[in-house]
Number of protein chains: 2
Amino acid sequence: MHPNLEELIQRLQQAITLEDLQITTESLREHYAVTHVVYHWVNSVGERFGAGTYSQEWVDRYVEKDYLRMDPVIIGCFQRFHPVDWKQLDWSTKAAKSFFREAISFGIGNQGLTIPIRGPQGQFALFTVTDTCPDEVWADFIETNSRDLILIAHEFNKKALEFEKGTEQQSAANLSPRELSAMTLLAKGLSRAQTADEMQISEHTLRVYIEAARHKLGAMNTTHAVARALSRGLIVV
Amino acid sequence: MHPNLEELIQRLQQAITLEDLQITTESLREHYAVTHVVYHWVNSVGERFGAGTYSQEWVDRYVEKDYLRMDPVIIGCFQRFHPVDWKQLDWSTKAAKSFFREAISFGIGNQGLTIPIRGPQGQFALFTVTDTCPDEVWADFIETNSRDLILIAHEFNKKALEFEKGTEQQSAANLSPRELSAMTLLAKGLSRAQTADEMQISEHTLRVYIEAARHKLGAMNTTHAVARALSRGLIVV
DNA sequence: ATTTTACTCCCCATAAATGGGGAGGTGGGC
DNA sequence: GCCCACCTCCCCATTTATGGGGAGTAAAAT
């Protein structure tokens, strides 16, 4: 374990503004003596939020070209769980190769480690450390620090979720057991007739539950109601 | 950091069967001198998988009574990111109270810390440590070990995902951008007409996307397809 | 250069979901 | 004891979703 992990995490935990997170990324960059440290998050509303040491030029370029949609780091991390060494990713396509060349020209560095992080309600974030060095040096760096970085990424995301919570409040909307059963069965793909049969009630009665759940959830239709129940963690499929 | 974390994680990383995970939970229980250690996972197909030291009687009881749907630990962890001390959860309802009493009678312990873990395609897992002790002792335990436990939980899930990859690899389900747009808008409660209008295509065309998405997701109807897309983290509302 | 993938459009008919009413029974909480 | 939330049942008519076909263009991957 790195001796200063405690101190770094404490600084993170004490952050109260976005700028504090920004400063923390800069401190981390100095501390680990790497090229860049970035925390990046696309929230449930599609808003982007991030803190990091990439140059503004690169960020602008990235947004302008909509690289989010093709960046092999994003694509790769989205289907992985463990930290991803950029070398493990698929850079074979032409677009990926030119993207990588361009990234290097913007001073991103030739090495990178990105940790995917997933939170409630489908939240997805990335914590990235990049450097400019030979493969062997980078392998050593990962070997030494990956666990610390996982914990730091975790703390970053915890903080980001705290900020998010301040901006969007969500109503409790507690559904009755029968309403929850109805929502769950519908989410499993059963039709109303099947659901009513499974719940051993008439379809007429089932409709009352569905309607009640819809109104409680402020949903437009059954599909919407099921989607909201899922998003809010009221039901599990 | 606990001196034996390295050894424990290495043992985890070398696990090649489900029984190895089971043995690891038992080793962890001894190592931390706690009442129970459990890793539990409900995958995208709804299959349950787990390793842990709970008694078979409690597991059977839990499944029989379908406690998964009301367990405050599940509900609470599903909407949280950071490790959850069971005391932070909402035990105010009558059902929750009797559930807690019953759990204690089955020797689960009066204290618990559960770490929610989320993987690709909406995978959701829980890593739990329980104990029987006073609040202050438990607070100390958490203070001392929570970070180690996060890393252990991470390794557990990495291993579980490796196992999963072996058994079911067909659930890749790549939806095209238009299919994803359709699913997202439907999940937001738009009707087909509104969705088609929003996507600026004819409703006939929209139906092709919905049908394609349904088939790819193996869903019975639109509601089911949207639910699966949400569960697997393909779309966000 | 060829194949695959994605995107767009159109037809038919039937089954399903939705909108709005109303009514009676139970149990728990104040 | 009363009220509220929950559970159950039923009617009407209309809109919407679903099932199965087919077919052409354009871009991208191989």
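Order of the sequence lines sets the chain letters (A, B, ...), proteins ahead of strands, with each chain counted from 1.
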A.B. asks: With a 4.0 Å cutoff (strictly under), does any side-chain N or O of A:Ser176 reach OP1 or OP2 of D:dA5?
C.D. replies: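 For D:dA5, neither OP1 nor OP2 has a side-chain N or O of A:Ser176 closer than 4.0 Å.
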A.B. asks: Can you measure B:His215 atom NE2 to D:dG21 atom C1' for me and round it to whole angstrom units?
C.D. replies: 13 Å
A.B. asks: Name every residue in residues 188-205 of chain B that has at least one heavy atom under 4.0 Å from any atom of DNA chain D, in order of residue number, or write none if there are no such residues.
C.D. replies: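 Of all residues in residues 188-205 of chain B, the ones placing a heavy atom under 4.0 Å from DNA chain D are B:Ser191, B:Arg192, B:Glu203.
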A.B. asks: Once you round to the nearest 0.5 Å, how far does OG1 of A:Thr223 lie from CG of B:Leu186?
C.D. replies: 6.5 Å
A.B. asks: Please report, rounded to the nearest Å, how far the C1' atom of D:dG21 is from the CZ atom of B:Arg207.
C.D. replies: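 About 11 Å, once rounded to whole Å.
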A.B. asks: Take atom CD1 of B:Ile210 and atom P of C:dT8, then tell me their distance rounded to the nearest Å.
C.D. replies: 13 Å
A.B. asks: Ignoring hydrogens, what is the shortest heavy-atom contact between A:Gln111 and A:Asp135? Give both atom names and the distance.
C.D. replies: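 So the two residues come closest at NE2-OD1, 2.7 Å.
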A.B. asks: Walk me through it: do A:Met220 and A:Arg228 pass the test side chain to side chain contact (heavy atoms under 4.5 Å, CB included)?
C.D. replies: CA-CA 11 Å; A:Met220 306 290 288; A:Arg228 287 204 157 176; over 6 Å; no
A.B. asks: Can you see whether A:Gln123 engages A:Asn157 through a side-chain donor-acceptor pair at a distance of less than 3.5 angstrom?
C.D. replies: yes
A.B. asks: Once each nucleotide of nucleotides 23-30 of chain C is scored for protein heavy atoms under 4.0 Å, what B/S/- sequence comes out, 5' to 3'?
C.D. replies: --------
A.B. asks: Is the B:Tyr67 ring parallel, tilted or perpendicular to the B:Tyr62 ring (thresholds 30°, 60°)?
C.D. replies: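 Geometry flag for B:Tyr62 against B:Tyr67: perpendicular rings.
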A.B. asks: Under 6.0 Å between the ring centres of A:Phe127 and A:Tyr39?
C.D. replies: no
A.B. asks: For B:Asn221 and B:Arg178, take the nucleotide of DNA chain C holding the closest heavy atom to each; which residue's nucleotide lies nearer the 5' end?
C.D. replies: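 Final value for this comparison: B:Arg178.
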A.B. asks: Are the side chains of B:Thr114 and B:Trp86 in contact, using a 4.5 Å heavy-atom criterion?
C.D. replies: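 Yes, at least one pair of side-chain atoms sits under 4.5 Å.
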A.B. asks: Just say parallel, tilted or perpendicular for the rings of B:Phe99 and B:Trp58, cut-offs at 30° and 60°.
C.D. replies: tilted
A.B. asks: Where the side chain of A:Thr222 is defined as all heavy atoms beyond and including C-beta, which of D:dT8, C:dT8, C:dT18 is the nearest nucleotide?
C.D. replies: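 Of the options given, the side chain of A:Thr222 lies nearest C:dT18.
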A.B. asks: Would you compute the distance between atom CG of B:Leu180 and atom OH of B:Tyr209 and round it to the nearest 0.5 angstrom?
C.D. replies: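 B:Leu180 CG to B:Tyr209 OH: 12.0 Å, rounded to 0.5 Å.
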A.B. asks: Does B:Arg214 get its side chain close enough to the base of D:dG19, under 3.5 Å, for a donor-acceptor pair?
C.D. replies: no
A.B. asks: Does D:dC6 have OP1 or OP2 under 4.0 Å away from a side-chain N or O of A:Tyr209?
C.D. replies: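 No, A:Tyr209 has no side-chain N/O under 4.0 Å of OP1/OP2 on D:dC6.
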A.B. asks: Using atom CD of A:Glu179 as one end and atom C1' of D:dA5 as the other, report the distance to the nearest whole Å.
C.D. replies: 10 Å
A.B. asks: Hey, are B:Ser202 and B:Thr205 close enough side-chain-wise for a donor-acceptor pair under 3.5 Å?
C.D. replies: yes
A.B. asks: May I have the distance from A:Met220 (atom CE) to D:dT15 (atom C1'), rounded to whole angstrom?
C.D. replies: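 Taking CE of A:Met220 and C1' of D:dT15, I get 14 Å after rounding.
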A.B. asks: Would you check if the distance from the ring center of B:His82 to the ring center of A:His154 is below 6.0 Å?
C.D. replies: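 They qualify: ring centres under 6.0 Å apart.
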A.B. asks: Kindly calculate the angle separating the two end axes of the helix from C:dA1-D:dT30 to C:dC30-D:dG1, each obtained from five base pairs, and round it to 10 degrees.
C.D. replies: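 About 80°, once rounded to a multiple of 10°.
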A.B. asks: To the nearest 0.5 Å, what is the distance between CG on A:Leu113 and CH2 on A:Trp138?
C.D. replies: 6.0 Å
A.B. asks: Quickly work out the A:His224 NE2 to C:dA17 P distance and round it to whole Å.
C.D. replies: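 Rounded to whole Å, this separation is 18 Å.
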A.B. asks: Rounding to a whole Å, what distance do you find between A:Leu180:CG and D:dC6:P?
C.D. replies: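 It is 11 Å, rounded to the nearest whole Å.
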A.B. asks: Contact class for A:Glu211 (heavy atom, under 4.0 Å): base, sugar-phosphate, or nothing?
C.D. replies: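 Sugar-phosphate: the residue A:Glu211, judged by heavy atoms under 4.0 Å, touches backbone atoms but no base.
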